[in-house]
Amino acid sequence: MTATSPWAALLGRFRDHLALERRLSDHTVRAYAEDIAQYSRYLAGQRVTEPERVGPADVERFLSTGGWAASTAARKIAAIRAFHEFLRRRGATGDNPARSVRSPRRSRPLPDVLTVEQVESLLGAPRGEEPQPVRDRALLELAYATGLRASELTGLRLEEIDLEEGLVRCRGKRQRERIVPFGTKARDAVARYLEGARGTFLRKDRGEGAIFLTRFGRPFTRMGYWKLLQAHARGAGIEQAISPHTLRHSCATHLLEGGCDLRVVQEFLGHRSIETTQIYTHLDRNYLREVHTKFHPRAS
């Protein structure tokens with residue numbers, strides 16, 4: 001798609017719409033924009049240069065050219081639907097040609113989850129009272145206690161945590177704000193970090209308000225957090241693959257196994273739909289089977 005293509009101006013307006021009006025995350029805006037840029041190049045190659053000339057068959061043919069995984073194709077359909085709906089609402093087209101195109105069926109993979117014992121080992125992996133292990137313990141304790149997303153955790157600022165009440169205020173997807181509680185162990189670990197260790201990471205040339213700082217005095221990036229987690233997982237003897245989301249998944253699963261209501265977990269995690277939270281109900285089948293065997297009078 002060249003700079004003079006009629007699709008280029010539409011893509012620019014669509015990107016602004018996603019970022020400013022729908023207030024989607026930078027990651028989502030970038031992914032949707034890349035999908036539509038690819039889609040626009042395909043249409044231009046087919047000599048389709050006007051939005052009103054696009055039909056469902058064009059959308060289907062584009063999707064058939066990529067050989068993408070079901071999850072990728074589903075995201076591209078979502079982006080294309082949003083793009084054509086944006087054009088329809090602004091009078092550029094009379095209908096949304098992607099509305100009738102069906103998304104491929106996809107199975108949602110179950111997230112990786114640690115056992116309670118593995119989590120305990122991980123949280124105990126940062127040893128010593130030097131500033132770095134004190135910081136790392138606080139970071140991991142708060143991650144498991146709150147189930148925050150990696151971006152929410154690394155973006156937490158000093159004014160967003162209340163140690164006395166044991167609460168954090170964070171902004172999740174689409175800037176939705178929620179309040180998340182945390183317990184005594186996380187509170188003690190964070191308090192110890194803030195009282196002494198954090199000051200050693202501050203730099204005079206940076207008035208940084210983020211809670212968790214690297215040795216350069218900057219907030220952690222997602223990759224920095226991932227590397228920290230990988231190092232401590234190895235130190236804890238955890239051999240399975242682990243990511244920042246693993247602690248979030250483990251937090252949710254352990255809450256449900258402890259008897260927490262699914263709706264409460266939904267609010268806790270900041271899920272917009274209960275369907276997203278329901279994936280965790282598939283994780284504890286073995287746990288439920290064990291409980292049934294142990295307590296049901298006719299299980300054995």
Side-chain angles (χ1 to χ4, degrees), residues 25 111-116 118-126 133-195 197-198 209-214 219-222 224-226 228-230 232-233 236 238 242-274 276-277 279-280 283-284:
S25 69
D112 293 325
V113 174
L114 301 177
T115 65
V116 174
Q118 286 176 314
V119 171
E120 293 287 351
S121 297
L122 177 65
L123 299 183
V134 170
R135 177 202 62 194
D136 294 357
R137 278 198 298 273
L139 179 63
L140 295 177
E141 284 280 6
L142 194 63
Y144 176 61
T146 59
L148 295 183
R149 299 177 178 93
S151 58
E152 295 169 346
L153 182 69
T154 57
L156 271 182
R157 299 181 65 81
L158 292 171
E159 65 269 19
E160 294 173 331
I161 189 166
D162 185 334
L163 288 178
E164 185 174 342
E165 295 293 332
L167 299 170
V168 293
R169 184 180 75 251
C170 68
R171 292 187 180 275
K173 293 184 176 180
R174 300 193 180 186
Q175 295 300 302
R176 291 193 298 271
E177 184 179 285
R178 71 185 189 280
I179 305 295
V180 183
F182 56 91
T184 302
K185 291 186 177 180
R187 180 167 52 193
D188 291 345
V190 174
R192 180 175 298 179
Y193 163 67
L194 293 178
E195 288 168 2
R198 183 178 181 275
I211 294 177
F212 297 108
L213 302 175
T214 68
F220 273 88
T221 62
R222 289 168 58 92
Y225 174 34
W226 183 84
L228 179 151
L229 188 61
Q230 289 284 314
H232 289 306
I238 298 173
I242 187 172
S243 72
H245 243 50
T246 304
L247 281 181
R248 177 172 165 85
H249 296 321
S250 301
C251 171
T253 303
H254 298 162
L255 282 171
L256 287 169
E257 288 182 351
C260 188
D261 183 82
L262 191 65
R263 289 285 182 185
V264 175
V265 176
Q266 177 192 0
E267 181 69 22
F268 191 84
L269 296 178
H271 287 161
R272 188 176 186 181
S273 170
I274 191 68
T276 307
T277 318
I279 186 174
Y280 295 106
L283 295 174
D284 56 359

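What you see is a predicted model; the values in this text were computed from it and never measured.
By the 4.0 Å N-to-carboxylate-O rule, Arg169 lies close enough to Glu177 to be salt-bridged with it. In this structure, Glu141 does not pair ionically with Arg192, as no charged nitrogen and carboxylate oxygen lie closer than 4.0 Å.
Shortest non-hydrogen contact noted between Asp162 and Glu165 is OD1-N, 3.0 Å. The two residues Arg222 and Ser151 make their nearest non-hydrogen contact at NH1-N, 4.0 Å. For Leu122 against Ala233, the heavy-atom pair with the smallest separation is CD1-N, 3.7 Å. Here the closest heavy-atom approach between residue Phe212 and residue Tyr193 is recorded as CA-OH, 3.5 Å. For Tyr225 against Ala150, the heavy-atom pair with the smallest separation is CD2-CB, 3.9 Å. Of all heavy-atom pairs spanning Asp136 and His232, the tightest one is OD2-NE2, 2.8 Å.
For the pair Glu160/Val168, no side-chain contact is recorded, criterion being any heavy-atom separation below 4.5 Å from C-beta on. Using a 4.5 Å heavy-atom cutoff, the side chains of His254 and Val119 are in contact. Side-chain contact between Arg149 and His245 is present, with heavy atoms from C-beta onward closer than 4.5 Å. Two residues are said to be in side-chain contact when any heavy atoms from C-beta on lie closer than 4.5 Å; Arg135 and Leu228 meet this criterion. Leu114 is not listed as a side-chain neighbour of Glu120, based on a closest heavy-atom distance of 4.5 Å or more. Using a 4.5 Å cut-off on side-chain heavy atoms (C-beta onward), Val190 and Phe182 make no contact.
By the neighbour-count criterion of 12 heavy atoms within 6.0 Å, atom CD of Glu159 is densely surrounded, having more than that number from other residues, nucleotides or ligands.
Every residue two or more places apart in sequence or in another chain that forms a side-chain hydrogen bond (donor to acceptor under 3.5 Å, both in side chains) with Arg137 is listed here: Glu129. In terms of the side chain to side chain contact (heavy atoms under 4.5 Å, CB included) criterion, residue partners of Leu158 (sequence neighbours excluded) are, by chain and number, Leu194, Arg198, Ile211.
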Practice item. Take Leu148 and Arg178 through the test side-chain contact (heavy atoms from CB on, under 4.5 Å) and record every step on the way to the result. Key: CA-CA 11 Å; Leu148 295 183; Arg178 71 185 189 280; 3.7 Å; yes
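Formation of a donor-acceptor pair under 3.5 Å by the Thr253 side chain with backbone atoms of Ser250 is not found in this model. Remark: side-chain polar atoms of Ser121 are not paired, donor with acceptor, to backbone N or O of Ala236 under 3.5 angstrom.
To the nearest 0.5 Å, atoms CG (Leu123) and CG (Leu142) are separated by 11.0 Å.
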